[in-house]
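What follows is one structure encoded as structure tokens, with my remarks underneath.
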Amino acid sequence: MRSRNQEQFRHHCIAIIWVIFAAGLFASPLDMAWADEPADETDVFTVARGGLLYDKWYAVMERDAPEGTHPAYPAAGKKKGASTWRCKECHGWDYRGKDGAYAKGSHYTGIKGIRAMVGKPAAQIAKAIRSKPHGFTKDMISDGALEKLATFVSLGQIDMDQYIDRTAKAARGSAARGARLYQTVCAVCHGFDGKELNFKDEEKPEYIGTVAQANPWETLHKIRNGQPGVPMVALIALSVQDQIDILAYTQTLPVK
Ligand code: HEC
Ligand code: HEC
């Protein structure tokens with residue numbers, strides 16, 4: 001009697017495992033298309049993934065870049081094409097839009113930032129991303145990705161002005177402390193001098209040092225959340241001061 005129960009139990013378990021497996025196989029192909037997700041996703045992972053999507057959602061989700069220029073991108077703006085669909089292009093690396101680093105220069109749009117959305121319900125933010133003037137459809141940003149993006153906007157922003165001197169573009173951190181983290185974490189891929197990976201070309205190379213000096217806000221966003229579409233670590237789980245110390249050190253690396 002007992003063994004028959006056990007046998008039935010075993011069959012049940014096998015059936016359940018099959019259902020889970022099949023559900024996985026046939027889950028939304030759109031959500032499956034993008035990089036691996038942990039089964040027991042933590043809140044900090046959700047936020048970092050959202051930060052990556054904010055940077056360049058179509059690279060994270062491995063989708064074709066959107067065609068044409070975003071309808072809400074101002075005609076007077078200097079950019080066109082796919083990049084105008086990136087959240088950062090209108091709202092900035094410092095999340096301050098026209099009131100931050102994009103107040104002037106080739107990225108100027110006159111569009112406000114997203115700082116006012118800190119702590120707001122993710123559902124409200126998600127709705128704004130789906131509706132005008134945004135109009136991001138499910139075919140562009142899946143529901144699963146939308147949730148992460150909205151969570152990032154609500155919980156993942158930091159006040160960069162607190163950590164980066166806007167005029168001097170200097171990180172308010174300790175390069176000496178940052179060097180310890182850089183050498184043990186970043187150097188594996190970027191090299192001790194930051195020149196192992198060149199983001200541009202031979203003629204006009206762009207290294208970590210180049211980006212960190214020219215655009216500390218972008219560098220900080222990437223230190224926290226990673227780089228879309230490539231395997232790079234996200235250090236958002238470290239203290240903000242650790243992240244700023246790394247930024248301070250990268251600002252000492254060679255620019256060419
Ligand atoms: C082409 C430019 C453009 C792009 C790209 C863009 N936005 Fe916006 N966004 C706007 C404009 C314009 C507004 C202001 C709308 C208004 O005030 O009615 C706005 C407003 C917002 C707001 C509300 C801010 C507030 O204080 O009310 C949030 C949140 C937001 N955007 C998030 C995002 C996210 C996330 C992305 C990327 C998926 C994104 N936006 C991409 C143009 C853009
Ligand atoms: C596992 C490998 C890996 C590690 C570790 C890593 N990165 Fe990266 N990182 C990459 C790759 C790959 C790219 C993209 C290179 C390209 O686009 O040519 C990249 C790009 C970047 C960029 C983007 C530059 C741009 O303009 O697009 C920055 C900034 C950066 N990394 C900083 C860091 C820092 C700081 C650390 C340490 C906290 C770090 N990375 C750790 C692999 C890594």
Side-chain angles (χ1 to χ4, degrees), residues 50-51 53-60 66 69-74 77 79-80 82-93 95-99 102 107 109-118 120 122 124-137 140-141 145-146 148-154 156-157 178 181-191 194 196-201 205-236 238 242-243 245-251 253:
L53 290 158
Y54 180 87
D55 180 335
K56 199 176 191 178
W57 53 268
Y58 46 91
V60 182
T69 297
H70 192 293
Y73 190 82
K79 307 287 167 188
K80 53 180 184 325
S83 73
T84 63
W85 294 78
R86 295 168 69 180
C87 312
K88 78 93 197 164
E89 195 55 57
C90 291
H91 298 299
W93 292 114
Y95 324 121
R96 290 181 186 278
K98 65 179 167 59
D99 301 314
Y102 285 0
H107 293 280
T109 62
I111 294 169
K112 67 175 171 182
I114 53 166
R115 293 290 299 146
M117 293 292 112
V118 172
K120 291 284 185 300
Q124 180 191 337
I125 298 165
K127 204 170 152 201
I129 298 169
R130 283 271 185 260
S131 45
K132 280 192 172 168
H134 293 119
F136 289 100
T137 64
M140 298 174 181
I141 299 174
L146 181 70
K148 292 180 170 63
L149 193 44
T151 306
F152 164 77
V153 171
S154 179
Q157 300 183 46
L181 284 160
Y182 182 89
Q183 288 171 4
T184 51
V185 180
C186 319
V188 178
C189 300
H190 290 279
E196 193 70 29
L197 293 175
N198 179 355
F199 314 132
K200 275 238 171 96
D201 48 46
E206 200 178 286
Y207 305 118
I208 286 201
T210 330
V211 183
Q213 286 193 30
N215 197 336
W217 307 280
E218 173 180 2
T219 309
L220 181 55
H221 181 90
K222 288 175 192 286
I223 288 172
R224 288 169 59 74
N225 306 295
Q227 169 82 345
V230 299
M232 177 166 135
V233 289
L235 298 189
I236 194 169
L238 298 187
D242 282 339
Q243 300 158 20
D245 291 344
I246 295 174
L247 178 64
Y249 182 68
T250 57
Q251 292 194 315
L253 294 173

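In each ligand, atom 1 is the first atom listed, and ligand 1 is the first ligand listed.
Atom CG in L220 sits 6.5 Å away from atom CZ in R224 (nearest 0.5 Å). Interatomic distance, Y207 OH to N198 CG, rounded to the nearest 0.5 Å: 4.5 Å.
Counting heavy atoms under 4.0 Å from ligand 2, residue V188 does not touch it at all. The proximity of T84 to ligand 1, defined as any non-hydrogen pair under 4.0 Å, is limited to the backbone. Of all the heavy atoms of L181, none lies under 4.0 Å from any atom of ligand 2, so neither backbone nor side chain is involved. Contacts with ligand 2 closer than 4.0 Å are made by backbone heavy atoms (N, CA, C, O) of P231 only, the side chain lying farther away. Contacts of I208 with ligand 2, taken as heavy-atom pairs under 4.0 Å, involve the side chain alone.
For the residues E206, M232, K56, the heavy atom positioned nearest atom 33 (C) of ligand 2 is part of M232. Checking H190, Q227, R224 against atom 8 (Fe) of ligand 2, the nearest heavy atom belongs to H190. Relative to atom 25 (C) of ligand 1, the option among R86, K127, K112, K132 with the closest non-hydrogen atom is K112. Of the candidates G229, G178, C186, P216, it is C186 that places a heavy atom closest to atom 36 (C) of ligand 2.
Under the 3.5 Å distance criterion, the side-chain polar atoms of T69 are left unmatched by any main-chain donor or acceptor of K80. H91 contributes no side-chain N or O that, together with a main-chain N or O of R96, makes up a donor-acceptor pair within less than 3.5 Å. Proximity of a side-chain donor or acceptor of Q251 to a complementary backbone N or O of Q213 within less than 3.5 Å is not detected. Panel note: side chain W85, backbone W57; no donor-acceptor pair is recorded below 3.5 Å. Side chain of Q157 to backbone of Y95: no donor-acceptor contact under 3.5 angstrom is found. Although no hydrogens or angles enter the test, the distance criterion places no donor-acceptor pair under 3.5 Å between the side chain of E196 and the main chain of C189. With hydrogens and angles ignored, the 3.5 Å screen pairs no side-chain donor or acceptor of S154 with any backbone N or O of T151. At distances below 3.5 Å, at least one donor-acceptor pair connects side-chain atoms of H70 with backbone N or O atoms of A72.
Take a cut-off of 2.8 Å around atom 8 (Fe) of ligand 1: the protein N, O or S atoms inside it are H91 NE2, H134 NE2.
Closest to atom 5 (C) of ligand 2 among all protein heavy atoms lies V185 O, 3.4 Å. Of all protein heavy atoms, the one closest to atom 3 (C) of ligand 2 is C189 SG, 2.6 Å. Closest to atom 22 (C) of ligand 2 among all protein heavy atoms lies F199 CZ, 3.6 Å. Considering only non-hydrogen protein atoms, atom 29 (C) of ligand 1 sits nearest to M117 CG, 3.5 Å. Closest to atom 13 (C) of ligand 2 among all protein heavy atoms lies V230 CG2, 3.8 Å. Nearest to atom 35 (C) of ligand 2 among the protein's heavy atoms is I223 CG1, 3.6 Å.
Ligand 1 has no N or O atom lying under 3.5 Å from any N or O atom of W85, backbone or side chain.
The L235 neighbourhood of ligand 2 comprises atoms 38 (C), with distances under 4.0 Å to a heavy atom of that residue. Which parts of ligand 1 touch A116 is read off a 4.0 Å heavy-atom cut-off, strictly below it: atoms 26 (O). With ligand atoms numbered from 1 in the order given, ligand 2 contributes 5 (C), 41 (C) to contacts under 4.0 Å with heavy atoms of V233. Taking a cut-off of under 4.0 Å to the non-hydrogen atoms of H70, the atoms of ligand 1 that pass are 1 (C). Ligand 1 places these atoms under 4.0 Å from at least one heavy atom of Y73: 1 (C). Within the listing of ligand 1, atoms 35 (C), 38 (C) sit less than 4.0 angstrom from a heavy atom of L149. Residue-ligand proximity, E218 to ligand 2, at heavy-atom distances under 4.0 Å covers atoms 25 (C), 26 (O).
L235 is listed as a side-chain neighbour of I246, based on a closest heavy-atom distance under 4.5 Å. Using a 4.5 Å heavy-atom cutoff, the side chains of L181 and L238 are in contact. For the pair F152 and N225, the minimum side-chain heavy-atom distance is below 4.5 Å. I141 has its side chain within reach of R130: a pair of non-hydrogen atoms, C-beta onward, lies under 4.5 Å apart. Between F199 and T210 there is no side-chain heavy-atom pair separated by less than 4.5 Å.
The only member of Y73, W93, Y102 that meets ring pair (Phe, Tyr, Trp, His ring centres under 6.0 Å) when paired with H107 is Y102.
With sequence neighbours excluded, the residues forming a salt bridge (Lys or Arg N to Asp or Glu O under 4.0 Å) with D242 are R177, listed by chain and number.
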